[in-house]
Amino acid sequence: MEYNLVLLYTSLAIGILTLISVLKRANGWFFTIKFNSKKFNLPPGDMGWPLVGNMLFFLQSFKDGNLGSFFSYYVTRFGKGGMYKTFMFGKPSIIMTKVEISRKIFMDDENYDRGMPNYILKILGQAQVGGFTREESKSLHRMTTLIKSDISLLSNYFDFAKEIVKKSFEKLVDMEEPIDVLLAIKRPAFDVLMRILIGDGVDNDMVNVLFEETIYLFHGCHGLPFNIPGSAYNRGLKARRAMAKIYQYILDERKVMIGKNKTREKSNILLEMMLNTQDDDDEGFNDEKIIAMLVSYTFAGFESVALVASTAIMYLENHPHFLDKAKVINESLRIATAKTIFFREARNTININGYTIPKGWKFLSFSWNYHMDPRTYVRPKEFNPSRWDDLKTKPASFLPFGVGPKMCPGANLARLEVSVILHYFLLNYRVEQVNPESKIEPPRSCLVKFKKI
Ligand code: HEM
Ligand SMILES: *[C@@H]1O[C@H](CO)[C@@H](O)[C@H](O)[C@H]1NC(C)=O
Ligand SMILES: *[C@@H]1O[C@H](CO)[C@@H](O)[C@H](O)[C@H]1NC(C)=O
């Protein structure tokens, strides 16, 4: 009897293990068969489980702040080639861990599209308008860069950023309760962005709702995209619809205003620049595209500014003697953007580094591999602005904003903004952390009180 039970359990266990190992390989077999022609030559790697691929392992390492363990799995198992096949974000993909290979791809606009996962394009409203063409993306980049390169507009940008930051610090000092430092800095960063996107004549309540909904939009993007009632993704989609309504209202209002005013000067507000591209021949950005752009910029244009600035603030709290702002900003950028994921998608069949990759596959590059590389940055997890003293040797491994035609169009604005925030902070304020026992890396989960000095 007992013997039979042992037999039963043993065969059950073997059955389950076999099933698991079949499932675990099924994805790999599927893609090997699908792309098993002489035409392709894929790098080594692991396609993970059906449907989710390697996402669970990835998200876990991401959450633990230890992406290193994810990459070292590939390097130890599949060699130091720097390119590995995988299945992530719902698509067969190539992970690139070497900065030289990534830079090659970033510089090549012909063969690579922007490859953001479709569920994120949906939450931004880009999927619904058919995305932006290459021409439209270029035109958006030009407009954004205009804001920083036109001398008269630049001084303007500087002035209003100063005003917004000053006012928000004054408010923060008056607060009775401690506040999460990241959230505290998000607000002025958001207000500066709104000034660039829609100008400053917009109703305050509307801007407040936009800010609150944007926070849900972020949550919706940071996890698995299950669109079921109550899920973060579902709430994120709702947030986008609410934001789109507000932006449509502002757009309609602005059209009337511009239509009435024949003596209007050249605008430095992105929404108006986009409206100015519309003409009677249906050329330029239509309303739907303008709104998708506004939502996308709201998504891209302030959270990382707040992350970088509050990283610097929390560091300076513990090392007040460090006064070289330029180095603090670079070091904050290096640390705060260490978890950036760059997405690209092959427009054509791609020949690269001896491999032939099918059209439609994604290319994923992670700044972790460059910003946390101990060969470039000694003891990379340490916040140490002094490392910038003699770091001129390897600027190739510093990519906070990316590089090439698709790099961040707001890079200079962002640097300027972080610099304004730090300037006012250092001159007049300090923070006191009320939960120093928090084990989470600053600036996350730091509750602080702002003090005037
Ligand atoms: C410290 C702050 C910021 C960081 C670290 C940052 C970083 C990045 C990165 C890494 C990318 C992707 C580049 C690529 O794929 O090659 C990106 C894209 C983008 N960023 Fe930023 N960014 C910042 C601030 C801003 C600001 C202030 C704006 C707006 C004024 C902005 C607007 C955008 C837009 C619109 C894109 C998408 C561009 C496209 O699709 O072609 N960013 N950013
Ligand atoms: C028209 O625009 C100009 C500058 O762009 C501004 O000074 C003027 O007040 C506007 N007129 C009206 C009626 O809004
Ligand atoms: C910060 O990084 C930029 C490159 O991204 C570089 O041009 C600049 O010299 C660096 N600043 C310092 C102080 O090292």
Working for side chain to side chain contact (heavy atoms under 4.5 Å, CB included), residues Tyr297 and Met293 = CA-CA 6 Å; Tyr297 268 71; Met293 180 285 286; 3.3 Å; yes
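- Ring geometry for Trp361 versus Phe31: interplanar angle over 60°, hence perpendicular rather than tilted (30 to 60°).
- In summary, Asp180 and Arg444 do not engage in a salt bridge, as defined by a charged side-chain N under 4.0 Å from a carboxylate O.
- Counting non-hydrogen atoms of neighbouring residues, nucleotides and ligands closer than 6.0 angstrom, the CD atom of Glu441 reaches no more than 12 such neighbours.
- Salt-bridge annotation for Arg254 and Glu272: present, with a side-chain N of the basic residue lying under 4.0 Å from a carboxylate O of the acidic one.
- A distance of 6.0 Å or more separates the ring centres of Phe363 and Phe343.
- Counting only N and O atoms by type, the side chains of Asn54 and Tyr74 include a donor and acceptor under 3.5 Å apart.
- Within the 4.5 Å cutoff, no side-chain heavy atoms of Phe342 are placed close to those of Ile105.
- If you look at Phe218 and Phe299, their ring centroids are closer than 6.0 Å.
- No donor-acceptor pair closer than 3.5 Å links the side chain of Thr337 to the backbone N or O of Thr340.
- At least one side-chain heavy atom of Arg387 sits under 4.5 Å from a side-chain heavy atom of Glu382.
- A donor-acceptor pair under 3.5 Å links the side-chain atoms of Lys362 to the main chain of Gly115, judged by distance alone.
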Could you give the side-chain donor-acceptor pairs of residues 312-319 under 3.5 Å, partners two or more places apart or in another chain?
unit_1 : atom_1 : unit_2 : atom_2 : d
Glu317 : OE1    : Val431 : N      : 3.2
His319 : ND1    : Tyr315 : O      : 3.3

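- Cation-pi contact between Arg195 and Phe160: present, with separation from the ring centre below 6.0 Å and deviation from the ring axis of at most 45°.
- Between the Ser438 side chain and the Asn435 main chain, no donor and acceptor come within less than 3.5 Å of each other.
- In this structure, Arg235 pairs ionically with Glu213, as a charged nitrogen and a carboxylate oxygen lie closer than 4.0 Å.
- Across Met96, Lys104, Glu100, Lys98, a single residue satisfies side-chain contact (heavy atoms from CB on, under 4.5 Å) together with Asn353, and that is Lys104.
- Ion pairing between Arg187 and Asp191 holds under the 4.0 Å rule for side-chain N and carboxylate O.
- In this structure, Asn111 contributes its side chain and Asn348 its backbone to no donor-acceptor pair below 3.5 Å.
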inquiry  = Between Asp109 and Arg134, is the salt bridge (charged side-chain N to carboxylate O under 4.0 Å, His left out) condition met? List the steps.
reply    = CA-CA 9 Å; Asp109 208 25; Arg134 267 172 84 193; 3.7 Å; yes
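- Taken from CE in Met55 to CZ in Phe62, the straight-line distance is 9.5 Å, to the nearest 0.5 Å.
- Ion pair Asp287/Lys255 flagged as a salt bridge, since at least one NZ, NE, NH1 or NH2 atom sits closer than 4.0 Å to an Asp/Glu carboxylate oxygen.
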query = Checking side chain to side chain contact (heavy atoms under 4.5 Å, CB included) for the pair Leu56/Leu224: CA distance, chi angles, key distance, verdict?
reply = CA-CA 9 Å; Leu56 298 178; Leu224 291 173; 4.1 Å; yes
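- Side-chain atoms of Arg103 come within 3.5 Å of backbone atoms of Ala396 as a donor-acceptor pair (strictly under, hydrogens ignored).
- When atom types are taken as modelled, the side chain of Ser267 and the backbone of Ile269 share a donor-acceptor pair closer than 3.5 angstrom.
- Atom-to-atom distance recorded for Leu124:CG and Cys221:SG is 6.0 Å, nearest 0.5 angstrom.
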task = Any chance you could lay out the side-chain hydrogen bond (donor to acceptor under 3.5 Å, both in side chains) test for Ser61 and Tyr73, step after step, and finish with the verdict?
result = CA-CA 11 Å; Ser61 336; Tyr73 164 76; over 6 Å; no
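- No side-chain heavy atom of His141 sits under 4.5 Å from any side-chain heavy atom of Lys138.
- In this structure, the side chain of Ser69 does not engage the main chain of Leu67 through any donor-acceptor pair within 3.5 Å.
- The pair Arg347-Glu110 does not meet the salt-bridge criterion, since no charged nitrogen lies less than 4.0 angstrom from a carboxylate oxygen.
- Considering CE of Met274 and OG1 of Thr277, their distance stands at 6.5 Å, rounded to 0.5 Å.
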Contacts table for residues 415-422: side-chain donor-acceptor under 3.5 angstrom, sequence neighbours left out:
unit_1 : atom_1 : unit_2 : atom_2 : d
Arg415 : NH1    : Asn330 : OD1    : 3.0
Arg415 : NH2    : Asn330 : OD1    : 3.3
Glu417 : OE1    : Tyr157 : OH     : 3.4

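- Surrounding CG of Leu19 are more than 12 heavy atoms belonging to other residues, nucleotides or ligands, all under 6.0 Å away.
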request  = Before giving the answer on side chain to side chain contact (heavy atoms under 4.5 Å, CB included), spell out for Ile123 and Val295 the whole-Å C-alpha distance, their side-chain angles and the decisive distance to 0.1 Å.
outcome  = CA-CA 9 Å; Ile123 227 175; Val295 174; over 6 Å; no
inquiry  = salt bridge (charged side-chain N to carboxylate O under 4.0 Å, His left out) for Asp389 and Lys327? Distances and angles first, verdict last.
reply    = CA-CA 8 Å; Asp389 292 343; Lys327 286 179 205 159; 2.6 Å; yes
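- Looking at Lys406, its side chain does come within 3.5 Å of a backbone N or O of Tyr112 through a donor-acceptor pair.
- To the nearest 0.5 angstrom, Lys289 atom NZ is 12.0 Å from Gln278 atom CD.
- If you run side-chain contact (heavy atoms from CB on, under 4.5 Å) between Thr97 and each of Trp368, Phe71, Tyr370, only Phe71 comes through.
- When side chains are defined from C-beta on, Leu42 counts as touching Pro358, because their heavy atoms get closer than 4.5 Å.
- Looking only at atom types and distance, the side chain of Asn351 has a donor-acceptor partner in the side chain of Thr356 under 3.5 Å away.
- Taking the six-membered ring where the residue is Trp, His371 and Tyr377 present perpendicular rings, their angle passing 60° and hence far from 30°.
- Side chain of Ser72 to backbone of Gly68: a donor-acceptor contact under 3.5 angstrom is found.
- If you check the side chains of Ser102 and Ser365, you find a donor sitting under 3.5 Å from an acceptor.
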Test log, rule side chain to side chain contact (heavy atoms under 4.5 Å, CB included), inputs Leu399 and Phe106 = CA-CA 11 Å; Leu399 296 174; Phe106 292 158; 4.1 Å; yes
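- By the 30° and 60° cut-offs, the orientation of the rings of Tyr84 relative to Phe78 is tilted.
- Counting only distance, with no hydrogens or angles, the side chain of Arg25 and the backbone of Ile20 share no donor-acceptor pair below 3.5 Å.
- By the 30° and 60° cut-offs, the orientation of the rings of Phe211 relative to Phe302 is tilted.
- Atom NZ of Lys122 has 12 or fewer heavy atoms from other residues, nucleotides or ligands within 6.0 Å.
- By the 6.0 Å and 45° rule, Lys238 does not stack over the aromatic ring of Tyr216.
- For the residue pair Asp252 and Gln248, a side-chain donor N or O sits within less than 3.5 Å of a side-chain acceptor on the partner.
- Listed by chain and number, the residues in a salt bridge (charged side-chain N to carboxylate O under 4.0 Å, His left out) with Arg334 are Glu331 (sequence neighbours excluded).
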request  = Begin with the C-alpha distance, continue with both residues' side-chain angles, and end with the deciding distance and a verdict on ring-ring contact (aromatic ring centres under 6.0 Å, His included) for Tyr355 and Phe40.
outcome  = CA-CA 7 Å; Tyr355 296 115; Phe40 303 116; over 10 Å; no
